[in-house]
K.L.:
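Below you'll find the structure I mean.
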Number of protein chains: 2
Amino acid sequence: MNIGEIARRSGVSRSTVSYALSGKRSVSEATRQRIQSVIDELGYRPNAAARALKEGRTRTLGLVVPPVRDRLTFMQLDFVASVMAAADRADLDVLLSPAADDHDRSFERIVGGRRVDGVILMEVRLKDPRVERLRDMGLPFVTIGRTTRPQDTCWVDVDYASLAERCTNHLVDLGHRHLALVNRSAELVASGYGPAHRAREGFNEAVARRGVEGFEFCCADNAAAGESCVQEILRTHPEVTAAVTVNEAALPGVQRALDRAGLEIPARFSVAGVAARYWAEQFHPELTAADVPAADMGAAAVEFLIGRIAEPDSPPPHHLFTPPISLRNSTGPAPTPR
Amino acid sequence: MNIGEIARRSGVSRSTVSYALSGKRSVSEATRQRIQSVIDELGYRPNAAARALKEGRTRTLGLVVPPVRDRLTFMQLDFVASVMAAADRADLDVLLSPAADDHDRSFERIVGGRRVDGVILMEVRLKDPRVERLRDMGLPFVTIGRTTRPQDTCWVDVDYASLAERCTNHLVDLGHRHLALVNRSAELVASGYGPAHRAREGFNEAVARRGVEGFEFCCADNAAAGESCVQEILRTHPEVTAAVTVNEAALPGVQRALDRAGLEIPARFSVAGVAARYWAEQFHPELTAADVPAADMGAAAVEFLIGRIAEPDSPPPHHLFTPPISLRNSTGPAPTPR
DNA sequence: TTGTAGGCGTTATCAT
DNA sequence: ATGATAACGCCTACAA
């Protein structure tokens, strides 16, 4: 079924059908209705490929997600969901691309084949070849997280440095003098993953300024790793009474390790951090944490991207989210040594 | 950058470039190399829309996911991830459509606009208008879950009836005489959601056959609902000593309610069910459960769909997954009444 | 108010 | 081994 067939059956030309549909020039009410009834009867829909070819745009957004080896974190999933929802509101489709770098076939197809009008790039690293590629292609894009040259790209990000710092300060204020940072995995740190680097900086900064002791531990994004990470903390640094965590996927393991060690939260051990609200509330007692506003970030990313598609040469906007730390029940005064 | 430009710079015709790329007719090694070097230099990629228009296929799969109000369950997420991975392996792109019924604009765009070669439909209901629509369109599709007329569609599903039955039998074998079923939400049941209906059937069947008492409780897909659901079970039926659950998202709440009621698992209360392995292992003690093989199901769905795209008139295959129940530590002998 | 015709970038048929 | 050309379905400038 194509526009020619509709035109034939309506007894008009193809252009009239096209205009009746787009409204870009006036069509007499009588013919408009006749055309519409034929369309309804046959269930005609314009072919998206033909339209894309002619118009030079696809009305589709690319969403580049980390390929699934370790499961996506809730934060990432919330983000995907909110991008979907925001795109849907704007009548845009979302094409998924599981790609960690610019050589992944999927990335190549979507970007090289001009399958999308713009791209949202999740989990960018400080130096990210995909960003270079998109820039070279002249394809509008928004990154989640910033690269090392944030001023000339469009991004949304979470201010991990300041959040880690504030969590640390909160714990020091409560009297804790020996703190651990449960960071993301060593691989992520090694690959130049911004949040991990900035969480470290913020933690180290706060620890130094307040004159207390801080130990950083890298931890893979899963519960088992969280459990063994906390076990290691307790073994190697028994004096530690509080932890800052930016690793939400490790939280259930953190919980379990503390439970098993008989360290009641927050009486004997305090935990504060950054997490999707879901995980914070899943923690027991509920976690004092900065709730990453993944939904807002997804909506902002889509909004930015739509703007850049419309005006590619406008200065790229960005937004650094610094959500407040919700005081819940996982932090308390440092236990008095006995 | 288009094929004409490559042809011009290589000093050949467009068709030669096309054939050099596709290999569908022989091209002399010399010209092939010349063309290739021009392509490499300019970074040319065939335009996907033009190709789709000409070839009549998009090399894209549509994945229809439930729109995000309640968060997607892990099972669903695993499924999305595995579809992505399987599609990627087959060099197919995935277009996302958040749609609960056939009138959702996103569904309409993707299906009506022929944006995809085939569709994977998640969370189908027993009677699902999207299925009718796809059938009418003649677009190949695979459903996750079966409708009431499973023989003439292509699907993969989990055998909830038999799994619920087997969990129930296991608990009865252990001496439990008063059991509860923690089912999915009342809305899902009302809307004709297959797994919820079939879990109920399997549970009722087993309970009747074994001559024990069974109570069904509907429960929304989140932890809070799980907690209040268990509280209600304990309040209204204090004689219940075991629960069968098909609601993985409720598990953390189930756990919390039992903990708070002081009912040790499995000494005082047993739980068995169906869940993504992740949740089963997250439970404490680990949950005796049938682990839904979401990854296998996603891969199978993609495989089926590719087959149907290739041969739309072949008899539609389907596969009912009946994963074994992994005996873990959440089930034990019924407590002796005191 | 409506029709005609060209072109978007590809692939493939028919020539050479 | 290669080239010219028509078609895929749509949109829109130009003409009437």
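Reminder, nothing fancy here: chain letters follow the sequence lines and each chain counts from 1.
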K.L.:
Can you tell me which nucleotide in C:dG6, D:dG3, D:dT12 comes closest to the side chain of B:Arg25?
P.N.:
D:dG3
K.L.:
Check this for me, if you would: do A:Arg105 and B:Asp91 make a salt bridge, where the nitrogen-to-carboxylate-oxygen distance has to be below 4.0 angstrom?
P.N.:
yes
K.L.:
Compare the minimum distances between each of D:dC10, C:dG3, C:dT11 and the side chain of A:Pro46, then state the nucleotide with the smallest one.
P.N.:
D:dC10
K.L.:
So what does B:Gly11 hit on the nucleic acid, given a heavy-atom distance under 4.0 Å: a base, only sugar-phosphate, or nothing?
P.N.:
sugar-phosphate
K.L.:
Taking for each residue the nucleotide of DNA chain D with the nearest heavy atom, is it B:Glu55 or B:Arg34 whose nucleotide lies nearer the 5' end?
P.N.:
B:Arg34
K.L.:
Kindly point out which of C:dT2, D:dT12, D:dG3 is positioned nearest to the side chain of A:Ser18?
P.N.:
D:dT12
K.L.:
Indicate yes or no: does B:Asp101 engage B:Arg130 in a salt bridge with an N to O separation below 4.0 Å.
P.N.:
no
K.L.:
Rounding to an integer number of Å, can you tell me how far A:Leu53 CG sits from C:dT11 P?
P.N.:
12 Å
K.L.:
In whole angstroms, how far is the P atom of C:dC8 from the CZ atom of B:Arg14?
P.N.:
10 Å
K.L.:
Judged by modelled atom types alone, do B:Thr58 and B:Asp117 share a side-chain donor-acceptor pair under 3.5 Å?
P.N.:
yes
K.L.:
Please report, rounded to the nearest Å, how far the C1' atom of C:dC8 is from the CG atom of B:Asn2.
P.N.:
9 Å
K.L.:
When we call it a touch if two heavy atoms are under 4.0 Å apart, what does A:Ser15 touch: a base, just sugar-phosphate, or nothing?
P.N.:
base
K.L.:
Would you mind checking if A:Glu108 and A:Arg133 are paired as a salt bridge, meaning a charged N to carboxylate O distance below 4.0 Å?
P.N.:
yes
K.L.:
Using whole Å, report how far CD1 of A:Ile3 lies from P of C:dA5.
P.N.:
17 Å
K.L.:
Would you mind telling me which of C:dT2, C:dT11, D:dG9 lies closest to the side-chain atoms of A:Asn47?
P.N.:
D:dG9
K.L.:
From the options C:dT10, D:dG9, D:dG3, select the nucleotide whose nearest atom is closest to the side chain of B:Tyr44.
P.N.:
C:dT10
K.L.:
Output the rounded distance in Å from CD (A:Glu5) to P (D:dC10).
P.N.:
11 Å
K.L.:
Considering every strand and a 4.0 Å limit on heavy-atom distances, what is the contact class for B:Ser22: base, sugar-phosphate, or nothing?
P.N.:
nothing
K.L.:
Rounded to the Å, how far apart are B:Lys24 NZ and C:dT11 P?
P.N.:
8 Å
K.L.:
Of A:Lys54 and A:Tyr19, whose closest DNA chain C nucleotide lies nearer the 5' terminus?
P.N.:
A:Tyr19
K.L.:
Counting only heavy atoms not in A:Glu29 (residues, nucleotides, ligands), do more than 12 fall under 6.0 Å from its CD?
P.N.:
yes
K.L.:
Nearest whole angstrom, please: distance from the P of C:dT11 to the CZ of B:Arg59.
P.N.:
9 Å
K.L.:
Tell me whether the side-chain N/O atoms of A:Thr31 come closer than 4.0 Å to OP1 or OP2 in C:dT1.
P.N.:
no
K.L.:
Rounded off to whole Å, could you give me the CD1-to-P distance for the A:Ile6 and D:dC11 pair?
P.N.:
12 Å
